[in-house]
Structures are given as C-alpha cells and as structure tokens.
Amino acid sequence: MSKKNLAILTIVIAIILDQVIKIYVKTNFVLGEEVVVLDWFRIHFTENNGMAMGFEFGGKGGKLFLTLFRLVAVTALMFWLIGNIKRKVHNAVIIGISFIFSGAVGNIIDSVFYGVIFDHPSHKLATMFPEKTDGALFFGKVVDMFYFPIWSGDLPSWIPFVGGDPFTFFQYIFNPADSFISVGVALLFIFSKHAFPKEEEKIEA
C-alpha cells in the first residue's frame, strides 16, 4: 500500500469510527446517563464546549476561537502530512499524523455541525436532523463518553496540601477523537527521529 493510501485509509476509518460512536451515544443515551462495563471502565455520556478531556475555554467567544483555531490547525496538519508523504517517511509517522488529523477533524465536526443537526433536550434522547433545533452553526458541543475511574479514594494524609482529599484516577471523560490524537502524538514521540529529522550541518571548506 502506498503511503498516500495508508494516510487516506487511516483518516477515513478513524473519522467514521469516531462519528459512529458519538452519534450512537448521543441518540441512545440521555445526557449524564452511565453504563458500567467494568468497575474501572464506564460509558458516561457528557458534552463539553471546550478542549479535550472536558476542559472549558472562555465561553461562547472562546469556543468560537477554539473552533477556528482547530480549522487552521487541521489545515497545517494536512500540509505537514502531504509533505511527509512526499518525503516517504516511516509509515508510523504517516499513521501518527493521520491519527492527529482525524481526531482534530472529528471534534471539529461536533463543534461546527452538532448544534444544528441534533436537538438538545434536557432529559430525553437527542434526535438527529429534527424539524427544529435551538442550536447554531459553529456552536455545537463535543460528545464525550469514555470514562476510566481506575482508582477512587482519599489521598494519603502525608501528601502536602491535598492529603486526605478525595481523588479519582483517571477522572477525565474523553471520546475516540481524543484517543486518536493521543495515540498519534505517542507515535510521533516514539518515532521522533523519523518525524523530526535533523538537517545535516553543512561544513564549509
């Protein structure tokens, strides 16, 4: 398989998988509903206006800025990917950049379109392509669902400042797009010599 086709296949599969899972959760779970798969793994439907892992970013103005920033970022990622394909770098680098691109696009789709293709009931299942919606383009919410509360309890009292406080590891709720970005970054870190080659120093005689 050519590197170009590898990138296209990775991106298409990742974006489709991300959107299928998000749409299923949004149309089959009430906001806040949780299904316990294992003690340390749960499907918990939540939404956020901001960055990955549920962080917020400055209200509506901040959200619009973040969405526009993501659009610029994915454009830069696309050119970086094309450049690396032409350089015929290691396949792991192609997959890594493709994963990051896919994750960014997946969350952009939520932010840009979910406000107008879903209704937003408070205590009922959402409907896709409703007759009316109170949302707006560029102001959709990002759907999150993966929750891994691996350990919960009180921190040891000897820990400064936070000793004795309740703590959950891992407390963040995320989605497939976030996972793709994390895996992509990890691949680029592991194969950093291929992703960020050092130019040979030219020694002038």
Side-chain angles (χ1 to χ4, degrees), residues 7-34 43-84 95-147 170-185 188:
I8 292 173
L9 183 64
T10 301
I11 291 169
V12 169
I13 291 175
I15 291 176
I16 290 176
L17 182 62
D18 174 67
Q19 289 301 307
V20 166
I21 292 174
K22 287 175 176 175
I23 291 171
Y24 176 82
V25 169
K26 191 167 177 67
T27 56
N28 287 273
F29 284 66
V30 176
L31 189 62
E33 183 178 352
E34 179 177 279
I43 304 297
H44 183 103
F45 175 31
T46 186
E47 295 178 315
N48 73 81
N49 289 311
M51 302 172 70
M53 306 299 183
F55 291 105
E56 297 291 326
F57 189 73
K60 288 186 176 181
K63 176 173 175 53
L64 181 59
F65 171 80
L66 183 62
T67 301
L68 295 175
F69 173 79
R70 283 173 171 162
L71 289 170
V72 173
V74 296
T75 302
L77 281 169
M78 181 179 65
F79 283 108
W80 187 29
L81 178 58
I82 292 171
N84 277 281
I95 294 173
I97 300 173
S98 298
F99 270 148
I100 296 172
F101 178 86
S102 304
V105 169
N107 283 334
I108 285 173
I109 291 172
D110 297 26
S111 296
V112 173
F113 299 109
Y114 275 25
V116 294
I117 66 174
F118 291 101
D119 57 6
H120 312 284
S122 299
H123 304 289
K124 296 188 293 184
L125 297 178
T127 302
M128 193 173 187
F129 302 120
E131 293 183 2
K132 294 182 179 180
T133 176
D134 57 354
L137 199 66
F138 282 91
F139 288 96
K141 293 186 177 181
V142 176
V143 176
D144 293 324
M145 75 292 295
F146 295 143
Y147 181 35
F170 180 76
Q171 63 179 318
Y172 301 109
I173 303 173
F174 58 99
N175 59 42
D178 299 330
S179 301
F180 294 140
I181 292 172
S182 298
V183 171
V185 170
L188 294 184

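Every heavy atom of this structure was used, including side-chain atoms; hydrogens, water molecules and symmetry mates were not.
- For the salt bridge (Lys or Arg N to Asp or Glu O under 4.0 Å) test with Asp110, the passing option among Lys22, Arg70, Lys26 is Lys22; the others fail.
- Side-chain contact between Ile109 and Ile15 is present, with at least one heavy-atom pair separated by less than 4.5 Å.
- Taking CD1 from Ile95 and CD1 from Ile100, the interatomic distance works out to 12.5 Å, rounded to the nearest 0.5 Å.
- Heavy-atom minimum distance, Tyr147 versus Phe170: CE1-O, 3.7 Å.
- Closest heavy-atom contact between Met145 and Pro176: SD-CD, 3.6 Å.
- Under the 30°/60° scheme for interplanar angles, the aromatic rings of Phe99 and Phe180 are found to lie parallel.
- No side-chain heavy atom of Val72 sits under 4.5 Å from any side-chain heavy atom of Leu68.
- Among residues two or more places apart in sequence or in another chain, the salt bridge (charged side-chain N to carboxylate O under 4.0 Å, His left out) test is passed with Glu33 by none.
- Side-chain contact check for Val143 versus Asn175: every heavy-atom pair is 4.5 Å or farther apart.
- Screening Val142, Ile173, Leu31 for a side chain to side chain contact (heavy atoms under 4.5 Å, CB included) with Glu47, the sole residue that qualifies is Leu31.
- Counting heavy atoms from C-beta outward, Phe146 and Val25 have side chains that stay 4.5 Å or more apart.
- Under the 4.5 Å side-chain criterion, counting only non-hydrogen atoms from C-beta, Thr67 is in contact with Val112.
- Here the CD1-CG distance, from Ile97 to Asn84, works out to 4.0 Å after rounding to the nearest 0.5 Å.
- The shortest heavy-atom contact between Gly115 and Thr133 is O-OG1, 3.2 Å.
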TODO: Give the intermediate values and the outcome of side-chain contact (heavy atoms from CB on, under 4.5 Å) for residues Ile117 and Met128.
DONE: CA-CA 6 Å; Ile117 66 174; Met128 193 173 187; 4.3 Å; yes
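- Ring geometry for Phe65 versus Phe69: interplanar angle under 30°, hence parallel rather than tilted (30 to 60°).
- When side chains are defined from C-beta on, Ile21 does not count as touching Tyr24, because their heavy atoms never get closer than 4.5 Å.
- Applying the ring-ring contact (aromatic ring centres under 6.0 Å, His included) rule to Phe118 yields the partners Tyr114; only residues at least two apart in sequence or on another chain are considered.
- Counting heavy atoms from C-beta on, the side chains of Leu125 and Val30 come closer than 4.5 Å.
- Leu81 and Ala7 make their closest contact through CD2-CB, 4.1 Å (heavy atoms, listed as atom of the first residue, atom of the second, distance).
- Heavy atoms only, all atoms of each residue included: Gly103 and Ala177 are closest at O-CB, 3.3 Å.
- Looking at Asn107 and Asp178, their side chains do bring a donor and an acceptor atom within 3.5 Å of each other.
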